[in-house]
Amino acid sequence: MRQAGTYSGILSGGISGKTGPHLLPLARIKKIMKKSGEDVKMISGESPIVFSKACELFIKELTQRSWMVTMQGKRRTLNKEDVASAVMATDLFDFLVNLVSESGNSGEAPPSLGLDTFTSS
């Protein structure tokens, strides 16, 4: 059985929209979820709230690891190379390795990521 982790208390107040303001727009998250596949038809109102919190935690974790790289370099500005180094040094972020290794040349996302599907309209 899975044991409670570091973030197990994030939903202690429930997952209704009344848990407070969300840092990421729920409508945008729901739109991305619907565009993720043809099989995705209906999405409950609570699902984007959970995804919003998961995204917040992901951003926080990646930023903290990237900041450690920045501090090791005795700098005060986090840059994309710091993020790339944090991704390369952390097994948890292996799914991002192709993104950070390919995007270093042009500054644009590689076309293989399918990000054009999620452009804002």
Side-chain angles (χ1 to χ4, degrees):
M1 180 172 196
R2 185 172 178 220
Q3 294 183 353
T6 307
Y7 305 114
S8 63
I10 62 173
L11 300 174
S12 59
I15 56 175
S16 69
K18 299 175 184 175
T19 58
H22 303 284
L23 298 177
L24 300 173
L26 298 180
R28 182 72 180 122
I29 291 170
K30 191 169 186 176
K31 189 176 189 179
I32 292 169
M33 290 171 71
K34 284 186 175 182
K35 288 184 176 184
S36 67
E38 295 177 11
D39 296 338
V40 180
K41 304 272 189 238
M42 300 291 289
I43 297 170
S44 75
E46 296 172 336
S47 298
I49 295 169
V50 174
F51 273 83
S52 175
K53 190 62 181 180
C55 289
E56 289 174 31
L57 294 172
F58 171 74
I59 292 167
K60 181 180 176 182
E61 183 69 24
L62 184 54
T63 302
Q64 289 174 340
R65 290 175 186 262
S66 300
W67 183 251
M68 290 182 350
V69 173
T70 303
M71 296 302 290
Q72 288 172 352
K74 298 184 176 155
R75 290 176 284 107
R76 292 184 172 189
T77 303
L78 189 145
N79 57 44
K80 67 180 183 178
E81 288 80 14
D82 299 327
V83 177
S85 294
V87 166
M88 300 299 274
T90 309
D91 291 342
L92 182 66
F93 300 133
D94 278 350
F95 68 99
L96 295 173
V97 169
N98 291 337
L99 174 67
V100 298
S101 62
E102 293 176 16
S103 67
N105 300 338
S106 64
E108 297 179 11
S112 63
L113 294 176
L115 295 178
D116 56 326
T117 305
F118 301 118
T119 56
S120 59
S121 1

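Quick note: numbers below take in every heavy atom, side chains included, and nothing from hydrogens, waters or symmetry partners.
With respect to Ser47, the side-chain contact (heavy atoms from CB on, under 4.5 Å) criterion is satisfied by exactly one of Met33, Met42, Lys30: Met33. Put simply, the residue from Val40, Asp39, Ile32 that forms a side-chain contact (heavy atoms from CB on, under 4.5 Å) with Ser36 is Val40.
Atom CG of residue Leu62 and atom CG of residue Asp82 lie 10.5 Å apart, to the nearest 0.5 angstrom. If you take OG on Ser85 and CG on Asn79, they are separated by 8.5 Å, rounding to the nearest 0.5 Å. Going from atom CG of Leu26 over to atom CD1 of Ile43 covers 12.0 Å, rounded to the nearest 0.5 Å. Separation of atoms CZ (Arg76) and CE (Met71) is listed at 8.0 Å; rounding is to 0.5 Å.
No side-chain heavy atom of His22 sits under 4.5 Å from any side-chain heavy atom of Ile29.
Criterion: ILVMFWY side-chain heavy atoms under 4.5 Å apart, direct or through other members. Under it, Trp67 and Val100 are part of a common hydrophobic cluster. Transitive grouping of hydrophobic side chains (ILVMFWY, heavy atoms separated by less than 4.5 Å) brings Met88 and Leu99 into a common cluster. Hydrophobic cluster membership is shared by Val97 and Leu92, with clusters built from Ile, Leu, Val, Met, Phe, Trp and Tyr side chains linked at under 4.5 angstrom. Under the 4.5 Å side-chain heavy-atom criterion for grouping Ile, Leu, Val, Met, Phe, Trp and Tyr, Ile49 is not connected to Leu23 through any hydrophobic cluster. By the criterion of side-chain heavy atoms lying less than 4.5 angstrom apart, applied directly or through intervening Ile, Leu, Val, Met, Phe, Trp or Tyr residues, Leu78 is grouped together with Phe93 in one hydrophobic cluster.
A ring-centre distance under 6.0 Å is not found for Phe58 and Phe51.
In this structure, Glu56 does not pair ionically with Lys60, as no charged nitrogen and carboxylate oxygen lie closer than 4.0 Å.
A pairwise comparison of heavy atoms in Thr77 and Thr70 identifies O-CG2, 3.5 Å as the closest pair.
Although no hydrogens or angles enter the test, the distance criterion places no donor-acceptor pair under 3.5 Å between the side chain of Ser52 and the main chain of Pro48.
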